[in-house]
Amino acid sequence: MEEKYDIEKMRLMENNRQYIFNMRPVFNRRALFSDTTGEYLIPPEPAAHEKVSIRFRTAKNNVDRVLLLCRGEKYIMSKAESDKHFDYYTCELQLEEEKVTYCFEIESGRLKGYYDTRGMVHEPNEYYNFVILPGFKTPDWAKGAVMYQIYVDRFCNGDTSNDVETNEYCYIGEPVHKVEDWNRYPARMDVREFYGGDLQGVLDKLDYLQDLGVEVIYFNPLFVSPSNHKYDIQDYDYIDPHFGKIVDDRGDLLPEGQRENRQASKYINRVTNQANLEASNRFFGQVVEEAHKRGIRVIIDGVFNHCGSFNKWLDRERIYENAEGYEKGAYASADSPYRSYFQFHDENKWPCNGSYDGWWGHDTLPKLNYEGSKELMDYVLKVAKKWVSPPYNVDGWRLDVAADLGHSQDFNHYFWQEFRKAVKEANPDAVILAEHYGNTRDWLQGNEWDTVMNYDAFMEPVTWFLTGMEKHSDDYREDLLGNAESFWGAMQHHSASFSMPSWQIAMNELSNHDHSRFLTRTNHRVGRTDSAGPQAAEQGINKAVFREAVVMQMTWMGAPTIYYGDEAGVCGFTDPDSRRTYPWGHEDRELIDFHKSIIRLRRENDELRTGSIMRMDCDYNFLAYGRFNRRGQCLILVNNNDHPIEKQIPVWILGTPKHGKMRALLWTDENGCSAGREFEVTGGMIKVQLPKTCAVILKYYEE
């Protein structure tokens with residue numbers, strides 16, 4: 001009897017031992033992680049036909065199996081590495097030339113789930129799969145780089161001898177006007193008003209930009225053009241002498257009451273004289289060279305879907321017809337070599353044929369007719385190569401309304417594929433960055449654009465969350481102000497359109513020349529300058545909210561892009577009011593110092609530039625997310641409430657040890673900015689009290 005009892009006891013003990021041995025802790029979904037940064041996709045920018053290693057992280061001894069779901073197959077992943085808190089599963093995949101998408105399947109006991117760009121989900125959805133584009137890579141210099149957008153006429157006037165003069169020519173039916181007061185608000189009809197900013201002014205301020213921490217300058221258009229914005233290009237081959245150098249300044253202003261630009265001899269000489277044009281090109285090359293000496297790259301604006309009615313190919317203004325060295329424009333003559341560059345609808349109207357297509361119906365913006373002219377396409381591809389090649393050595397193109405280029409989407413895709421080949425052949429390290437609203441997926445397949453201006457996955461979600469304002473200040477949405485779930489939903493959905501090489505260089509702006517200034521949006525004032533007046537854009541602003549936005553801009557995935565003057569406190573409703581001059585001598589020095597500090601932090605902590613990003617926590621008017629890699633872990637907290645809050649955040653999921661300290665690299669609230677506060681990490685958790693309107697960057701340090 002006693003022997004039987006001992007046997008039963010031994011069996012029970014063995015069963016218990018086996019149960020304990022096989023028992024797993026409660027499934028820890030927060031530990032799950034993967035993305036396509038260099039720590040989870042090796043190499044991160046693989047060539048076609050290369051073999052890659054795909055990694056997935058789980059809590060230690062927490063799952064039964066991890067499967068890679070790819071190409072309709074399931075691949076068992078093996079546990080390749082473990083540390084104190086995590087297991088890392090890996091699987092090798094042989095690439096071909098085609099795009100690869102994948103997600104993961106996780107099994108733990110009876111539980112089965114999937115992991116894609118949204119995190120852990122119950123059902124997979126291919127739209128949110130991770131993406132590999134074999135053979136596609138973006139320039140390393142652009143990954144996470146701090147960019148600075150310059151609207152040249154409003155940045156700095158370094159050379160008054162090249163200023164557009166009042167009555168120099170007519171633009172859209174009225175004489176142009178030189179603004180004498182640099183600090184004057186932009187006029188309601190602003191396109192023919194010139195403040196005199198130029199490339200000499202940029203050259204004079206390169207030391208300022210270098211001190212600020214700028215790594216890339218993005219110029220609004222620089223080519224010959226009659227407007228101050230220069231999106232109606234007159235000559236793609238030359239920098240406008242009003243921005244460059246005027247070495248031959250013969251001619252007269254338009255006589256009083258005269259509206260015909262063929263009488264504007266001073267303007268004609270300035271913009272058609274080869275001496276002025278070549279001098280301006282040489283000077284631009286010098287500006288780029290000086291920027292490069294300071295470690296600053298240069299991107300220029302390409303407007304290729306339309307030109308301007310002043311353009312030498314059309315010459316509606318008839319300023320080229322008697323200028324030396326130019327062919328007849330297509331407006332003036334049916335025999336013009338440029339006739340096929342435009343689509344005319346009435347063959348019987350020459351000379352002075354105004355029946356051409358205009359972009360959105362504007363006859364001042366003639367639509368270029370690529371489908372009808374191989375010569376035009378060849379010419380523009382030469383322009384694309386020219387500026388990224390010696391002696392100019394520009395580092396890339398920003399492409400204006402790029403998806404609207406041709407008459408069909410099929411042609412547009414073909415054109416940008418050819419454009420990419422031309423640019424990358426001339427300068428493999430040049431970047432191609434497009435303006436685009438809406439879904440970007442079709443354009444970011446590795447054979448057209450490198451990336452986009454990031455409206456949908458940055459500017460708009462950040463603006464709605466922090467201010468409740470639409471990006472033009474045309475609407476206020478109480479339901480979106482502080483709506484963290486809406487913020488994350490937008491970010492996750494739109495970011496899924498990027499492969500990692502595109503996402504890491506996406507242009508993340510808070511403001512630009514087409515929208516209101518972010519600082520103005522903080523006042524929740526719906527309006528424009530013609531209805532509310534420009535002074536209203538400066539009233540009731542909240543610098544603490546603006547600093548929150550800058551913290552997010554400088555810690556988010558992508559290339560944070562400062563619109564000139566934002567760092568100095570410039571306000572403004574949407575175009576034209578957002579095109580105010582830089583306030584030299586009247587800058588907000590505290591905001592500039594704040595920008596210097598946070599840019600320096602971004603450059604010193606590579607997890608903020610190219611590390612992984614993870615959603616940590618959210619609540620009404622509260623966001624917590626992490627930027628991390630194996631070398632460093634940062635936690636970003638944003639309290640946009642008008643009252644203090646206390647939060648406890650599990651920082652261990654960033655890979656920090658479960659004990660130690662996190663130090664505030666930067667702390668901003670309504671009282672200003674500081675650094676250095678320390679917080680204990682206990683059991684992998686951190687407790688932080690946040691005052692109202694506060695943003696914090698914390699970094700883990702071992703004791």
Give a yes or no on whether a salt bridge exists between [X] and [Y], defined as a side-chain N under 4.0 angstrom from a carboxylate O.
X: Lys471; Y: Asp514; result: no
X: Asp577; Y: Arg580; result: yes
X: Arg250; Y: Asp248; result: yes

The criterion is side chain to side chain donor-acceptor pair (under 3.5 Å); which residues satisfy it with [X], sequence neighbours excluded?
X: Tyr356; answer: Arg316
X: Arg420; answer: Asp450
X: Tyr151; answer: Asn228, Arg579

Say whether, by atom type as modelled, one donor and one acceptor occur between the side chain of [X] and the main chain of [Y] under 3.5 angstrom.
X: Trp416; Y: Ala403; value: no
X: Tyr563; Y: Ser578; value: yes
X: Tyr169; Y: Leu253; value: no

Exceeds 12 heavy-atom contacts within 6.0 angstrom, atom NZ of Lys382:
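No, the 6.0 Å shell around NZ holds no more than 12 heavy atoms from other groups.
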Are the ring centres of Trp313 and Phe342 closer than 6.0 Å?
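When the ring centroids of Trp313 and Phe342 are compared, they turn out to be at least 6.0 Å apart.
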Qualifying side chain to side chain donor-acceptor pair (under 3.5 Å) pairs, either residue in residues 523-536, two or more places apart
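For residues 523-536, and leaving out neighbouring residues, the side chain to side chain donor-acceptor pair (under 3.5 Å) pairs sorted by first residue read Asp474-Arg528.
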Salt bridge (Lys or Arg N to Asp or Glu O under 4.0 Å) pairs, two or more places apart, involving residues 299-310
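Qualifying pairs, neighbours excluded: Asp301-Arg398.
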Do any pairs count as a salt bridge (Lys or Arg N to Asp or Glu O under 4.0 Å) and have a residue in residues 163-177, sequence neighbours left out, and if so which ones?
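Counting only pairs at least two positions apart or across chains, the salt bridge (Lys or Arg N to Asp or Glu O under 4.0 Å) contacts touching residues 163-177 are Asp163-Lys178, Glu165-Lys266, Glu165-Arg270, Glu168-Arg270, Glu174-Arg259.
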